[in-house]
Amino acid sequence: MAKMTKKQIELLVDFAAAQHRAESWHKLVSLEIRKENPDLGKHVEYYKNGCVAAVTAVSIARSIGMTDAQINECHEDLLFWSNSEVLKAVA
């Protein structure tokens, strides 16, 4: 097995952290909208934050050579969340 460079390891950690942030924000989106009296402002804010984190994750993944199929294996919604049209809708 080839040894990874420090930079490659750092990029993988950054990707995992950004993916985790995206997932966490979108979990909060789900929790907020299911409340008895949801705060739609918070819902939109959380969704936007999740999308921004997804953009970061996808950008890092592509910089280390991951394909869209590999990104989808990590999380099937990352590419959707990172879509610029989705971000425009919540901006």
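Just so you know, residue 1 is the first one in the sequence shown, and it goes up from there.
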**Q** Can you see which heavy atom on G50 is nearest to which on A22, and at what distance?
**A**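 Heavy atoms of G50 and A22 come nearest at O-CB, 3.6 Å.
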**Q** Roughly how far, to the nearest 0.5 Å, is the CD1 atom of I60 from the CG atom of L11?
**A** 7.0 Å
**Q** Within this structure, what is the CD1-CG distance for the pair I71 and L79, rounded to the nearest 0.5 Å?
**A** 5.0 Å
**Q** Within the structure provided, determine whether F15 and C74 are in side-chain contact (heavy-atom separation under 4.5 Å).
**A**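 Touching, per the 4.5 Å side-chain cut-off.
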**Q** At their closest point, which heavy atom of E32 faces which heavy atom of H43, and how far apart are they?
**A**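 It is CG-N, 4.0 Å.
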**Q** So, for R21 and T56, which heavy atoms are closest and what is the spacing to 0.1 Å?
**A** NH2-CG2, 4.4 Å
**Q** May I ask you to decide if K42's main-chain N or O and D39's side chain share a donor-acceptor pair within less than 3.5 Å?
**A**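 Yes; judged by distance alone, with no hydrogens or angles, the pair exists.
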**Q** For a 4.5 angstrom cut-off between non-hydrogen side-chain atoms, does R62 reach D68?
**A** yes
**Q** Passes side-chain contact (heavy atoms from CB on, under 4.5 Å), M4 versus L12? Steps please.
**A** CA-CA 10 Å; M4 295 178 69; L12 283 174; 2.9 Å; yes
**Q** Could you tell me whether the side chain of H26 reaches within less than 4.5 Å of the side chain of Y46, counting heavy atoms only?
**A** no
**Q** What's the spacing between I9 CD1 and K3 NZ if we round to 0.5 Å?
**A**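 Separation between the atoms: 8.0 Å.
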**Q** Locate the shortest heavy-atom distance separating V29 from Y47; write the atom from each residue and the value.
**A** CG2-N, 3.2 Å
**Q** Got a sec, which residues hit side chain to side chain contact (heavy atoms under 4.5 Å, CB included) with N49, two or more places apart in sequence or on another chain?
**A** W25, E45
**Q** For side-chain contact (heavy atoms from CB on, under 4.5 Å), just list the numbers for I33 and L40, CA-CA rounded to whole Å, side-chain angles, deciding distance to a tenth of an Å, and then say yes or no.
**A** CA-CA 7 Å; I33 203 66; L40 295 181; 3.7 Å; yes
**Q** Is S24 reaching over with its side chain to a backbone N or O of H20, donor-acceptor style, under 3.5 angstrom?
**A** yes
**Q** Hey, does Q19 have a side-chain heavy atom less than 4.5 Å from the side chain of L78?
**A**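 Yes, at least one pair of side-chain atoms sits under 4.5 Å.
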